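Bear in mind the structure is a predicted one, so any value in this text is a computation, not a measurement. Below, all heavy atoms of this structure are taken into account, side chains as well, without hydrogens, waters or symmetry copies.
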Amino acid sequence: MAEEWRFRSASGASIALRRRQHSASCRELAVRGPRLQLHSLSAATSAVWLAAYGLFALSENSMVLSAAIFITLIGLIIYLHFVKIDQESLLVIGSLGIQVTSSYASGKENTTFIEMGQVKDVVINEAIHMQKVIYYLCILLQDPEDPQGVSEVVPLFQSSKPRLDCLIEVYKSCQEILEQRKTAPQSS
């Protein structure tokens with residue numbers, strides 16, 4: 001069963017939250033940001049190539065045009081493979097842990113797995129950025145030496161930057177599974 005809602009990011013861009021319930025203790029939450037816009041890509045490419053053509057007209061050196069094409073192509077590959085994230089997802093499995101995945105425009109994926117024994121809590125935190133209060137979801141990792149302490153804070157959805165209304169939906173889903181884990185009988 002999958003549900004999808006439309007929200008806005010902190011910058012005002014349209015994003016989609018998809019929630020998929022795999023079982024009572026397994027839920028996948030994915031935030032899809034705006035897709036790569038062809039008009040902005042073509043505008044940037046045109047600007048670089050027009051500037052290169054202007055330099056070529058002044059210098060009459062064809063290496064300027066070749067360099068512009070080469071730099072544009074390399075820049076596009078780097079942008080698609082290392083910068084532009086299309087989707088960020090969170091797979092919460094009550095008995096195992098939390099898997100965080102970032103899917104890039106090129107198809108590359110980065111995945112991190114956090115064992116449930118390391119998870120202290122999932123919280124919505126706030127920060128001040130550029131004279132604005134922004135909210136972000138993060139996983140608090142339990143300090144192995146101090147059960148009451150936090151050893152690390154792992155921020156989520158850093159690329160899509162969903163607003164508070166979207167974060168609340170994700171937070172509620174995570175807390176439902178975390179509560180099941182806390183109330184389940186512990187086996188020895």
* Donor-acceptor pair, Lys84 side chain versus Ile78 backbone, under 3.5 Å? -> no
* Asked: For the atom pair CG (Leu167) and CZ (Phe7), what is the distance rounded to the nearest 0.5 Å?
  -> 9.0 Å
* **Nearest-0.5 Å distance, NZ of residue Lys172 to CD of residue Glu179** => 14.5 Å
* **Worked verdict on Gln99 versus Thr112 for side chain to side chain contact (heavy atoms under 4.5 Å, CB included)** => CA-CA 6 Å; Gln99 177 177 298; Thr112 304; over 6 Å; no
* Hey, which of Ile124, Ile168, Asn125 is the one that makes side chain to side chain contact (heavy atoms under 4.5 Å, CB included) with Tyr135? -> Ile124
* To which residues is Ile93 joined in a hydrophobic cluster, defined by side-chain heavy-atom contacts under 4.5 Å among Ile, Leu, Val, Met, Phe, Trp and Tyr, whether direct or through other members? -> Leu91, Leu96, Phe113
* Which residues pass the side-chain contact (heavy atoms from CB on, under 4.5 Å) test with Ala43, sequence neighbours left out? -> none
* To do: Would you check if the side chain of Asp146 reaches a backbone N or O of Gln148 as a donor-acceptor pair within less than 3.5 Å?
  => yes
* Asked: Hey, is Arg19 close enough to Glu3 for a salt bridge, meaning N to O under 4.0 Å?
  -> yes
* Calculate, to the nearest 0.5 Å, the distance between atoms OG and CZ belonging to Ser89 and Arg20 respectively. => 10.0 Å
* Asked: What do the steps show when you test Gln180 against Ser25 for side-chain hydrogen bond (donor to acceptor under 3.5 Å, both in side chains), and what is the final call?
  -> CA-CA 7 Å; Gln180 289 175 6; Ser25 63; 4.8 Å; no
* Would you please name every residue forming a side chain to side chain donor-acceptor pair (under 3.5 Å) with Ser14, sequence neighbours left out? => Arg6
* Structure fact -> Here the pair of heavy atoms bringing Val31 nearest to Ser160 is CG1-OG, 3.3 Å
* **Distance-minimising heavy-atom pair for Leu29 and Cys174** => CD1-SG, 4.1 Å
* Asked: How long is the gap from CD1 on Ile177 to OG on Ser23, to the nearest 0.5 Å?
  -> 7.5 Å
* **Donor-acceptor contact below 3.5 Å, side chain Glu28 vs main chain Val92** => no
* Hey, quick one: are Tyr171 and Ile139 part of the same hydrophobic cluster, counting side-chain heavy atoms closer than 4.5 Å, chains of contacts allowed? -> yes
* **Ile74, CD1 atom: more than 12 neighbouring heavy atoms under 6.0 Å** => yes
